[in-house]
There are 2 protein chains.
Amino acid sequence: MKQSSPAKFSVPDLLISEREGGYARGREGHESILRAALHLLVEEGYRAMSMRRVAAACDIKLGNLTYYFPTKEDLVRELLDAVISSYEVEFEAIIHEEDVSPEQRLEEICTLILEDIRTKKTTRIFPELWALSNHDPFVLERIQELYARARAPLNSIIADINPALSVDQRETLALFISASMEGLTVFAGYDKPFENRMPWLERIAAKGFVQLVN
Amino acid sequence: MKQSSPAKFSVPDLLISEREGGYARGREGHESILRAALHLLVEEGYRAMSMRRVAAACDIKLGNLTYYFPTKEDLVRELLDAVISSYEVEFEAIIHEEDVSPEQRLEEICTLILEDIRTKKTTRIFPELWALSNHDPFVLERIQELYARARAPLNSIIADINPALSVDQRETLALFISASMEGLTVFAGYDKPFENRMPWLERIAAKGFVQLVN
DNA sequence: GATTAAATTTGTCAAGTGTCCTAATTTTGT
DNA sequence: ACAAAATTAGGACACTTGACAAATTTAATC
């Protein structure tokens with residue numbers, strides 16, 4: 001049961017790469033496991049995402065889970081891939097959007113990100129990933145790759161708005177803008193104290209970012 | 001062995017509230033436990049901060065550790081208090097600083113925060129706290145209290161720079177500025193891919209924030 | 001319907017977790 | 001020196017964790 005969203009763009013929960021062989025039942029099991037793991041991660045945090053709890057959540061035995069994912073690392077990596085992929089397709093869509101002024105596209109992409117930040121999934125998962133990335137090189141690399149793709153559209157928009165900027169300047173600006181929005185997760189994300197101020201914050205962000213690139 | 005810092009302000013590792021009774025030796029033990037826990041948290045993450053590993057890290061027996069901290073929650077809460085207090089004293093110092101222009105003070109406080117973000121301790125601990133705060137109301141409340149104190153000096157500086165702003169506008173601006181800087185932790189913090197771009201980012205931040213309040 | 005591969009169950013393993021308990025030892029104030 | 005308080009040491013408990021190795025059941029194909 002997915003919640004309907006009036007937004008122009010939105011991010012699906014998971015994007016699971018289809019596998020080669022196997023029966024239909026196996027593919028369903030595979031997906032339901034990833035969904036259960038995601039649900040557990042969002043609702044109760046990484047600590048709660050144990051193999052046993054994941055197995056129980058999708059109503060299979062532990063041994064069966066280890067059949068799909070021999071080690072927990074396998075599960076984590078695939079879940080991470082599925083989650084991150086779900087964001088990346090969205091950025092692709094925005095990149096290929098035309099017939100809009102650069103300023104409007106900047107505002108659009110900021111709106112997408114800031115709206116996404118308010119979802120429970122994003123608010124819960126990303127801090128978890130940031131923490132993991134401090135001690136897990138794989139998570140660090142994967143998440144930085146995601147952010148690199150998130151900056152790409154920002155980069156080209158900035159170039160459109162102010163062609164005089166150097167590549168370094170553009171990239172650093174995009175980095176600052178991206179980081180700036182991510183930081184709001186902690187304060188105005190789902191269930192956070194300033195969630196209701198997000199409309200104000202969006203306006204401040206839009207205004208500030210446009211001023212910054214000019 | 002503390003690293004020397006040329007910065008005007010800097011944050012001590014821990015600020016441990018002294019206890020009432022007890023002997024000197026007990027206080028030392030108390031402190032060394034918190035230091036060991038902090039070290040473990042920074043170096044290997046929250047998962048590694050088990051009672052046994054903390055005890056081993058400061059070379060005492062598990063039973064002894066549970067004498068100081070009967071439950072792990074006691075340890076976590078006190079560690080959290082000590083860590084957070086260490087930041088709060090710094091904000092106090094900045095608030096009481098006079099004879100400087102508002103713009104200069106804004107730049108000073110941003111420099112303090114952005115320099116602090118580059119330290120290993122802050123880069124490692126805060127994502128951990130953000131993740132914990134999603135599922136632990138105590139952590140959430142304590143960390144939001146910390147940020148409230150961090151915004152206080154920003155708030156008064158903003159009022160000085162632009163007295164025409166309403167209270168709400170000031171607070172939301174301070175919130176945005178604070179969040180903006182916190183977000184950089186993930187990208188330009190200790191050992192992060194864009195750590196070396198921090199000087200650029202600092203200039204962008206200073207410029208952008210000043211534009212924003214005017 | 002038999003055969004083969006896929007999927008699932010059941011049970012076990014060593015290691016780690018937080019908490020609790022009791023006896024010895026050390027330190028402190030009188 | 002003495003008694004009380006504070007500290008240390010060590011072990012035990014019940015539980016969870018990730019991983020593994022069989023058996024058993026289910027599904028698709030010849």
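Just so we're on the same page: letters track the sequence lines, and every chain starts at 1. Not measured: the values here are computed from a predicted model.
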Among dT7(D), dT8(C), dG18(D), the one nearest Met51(A) by side-chain distance: dG18(D)
Count the heavy atoms belonging to other residues, nucleotides or ligands that lie under 6.0 Å from NE2 of His39(B), then report whether that count exceeds 12. no
What is the distance, rounded to the nearest whole Å, between atom NE2 of His30(B) and atom P of dT27(C)? 20 Å
Toward the 5' end of DNA chain D, by each residue's nearest nucleotide, Ser50(A) or Gly63(A): Ser50(A)
Round to a whole Å and report the spacing from NZ of Lys61(A) to P of dT26(D). 14 Å
Crowding at CD, Glu171(B) (>12 non-hydrogen neighbours, <6.0 Å): yes
Rounded to the nearest Å, what distance is computed from the CD1 atom of residue Ile60(A) to the P atom of nucleotide dT24(D)? 21 Å
Nucleotide dT10(C), atom P - distance to CG of Leu65(A) in whole Å: 15 Å
Check each of Ile177(B), Leu173(B), Val213(B), Leu175(B) against Leu154(B) using the side-chain contact (heavy atoms from CB on, under 4.5 Å) test, and report the only one that passes. Ile177(B)
Donor-acceptor pair, distance only, cut-off 3.5 Å: does the side chain of Ser32(A) make one with the backbone of Gly29(A)? yes
Nearest listed nucleotide, side chain of Lys72(B), among dT7(D), dA9(D), dG18(C): dG18(C)
Spacing between Phe69(A) atom CZ and dA7(C) atom P, to the nearest angstrom: 12 Å
The side chain of Asn64(B) is closest to which nucleotide in this list: dA9(D), dA7(C), dG18(C)? dA9(D)
Rounding to an integer number of Å, can you tell me how far Tyr68(B) OH sits from dC20(C) P? 19 Å
Any Thr71(B) side-chain nitrogen or oxygen under 4.0 Å from OP1 or OP2 of dG18(C): no
Which distance, rounded to the nearest 0.5 Å, do you find between the CG of Leu184(A) and the CZ of Arg197(A)? 12.5 Å
Which nucleotide sits closest to the side chain of Thr66(A): dA6(D), dG11(D), dA19(D)? dA19(D)
Euclidean distance, atom CD1 of residue Ile33(A) to atom P of dA7(C) [Å, nearest integer]: 10 Å
The nucleotide from dT7(D), dA7(C), dT17(D) with an atom nearest the side chain of Tyr67(B) is dT7(D)
Once hydrogens and angles are ignored, does a donor-acceptor distance under 3.5 Å link the base of dG16(C) to the side chain of Arg52(B)? no
What's the CG-P distance between Leu62(B) and dT8(D), to the nearest Å? 14 Å
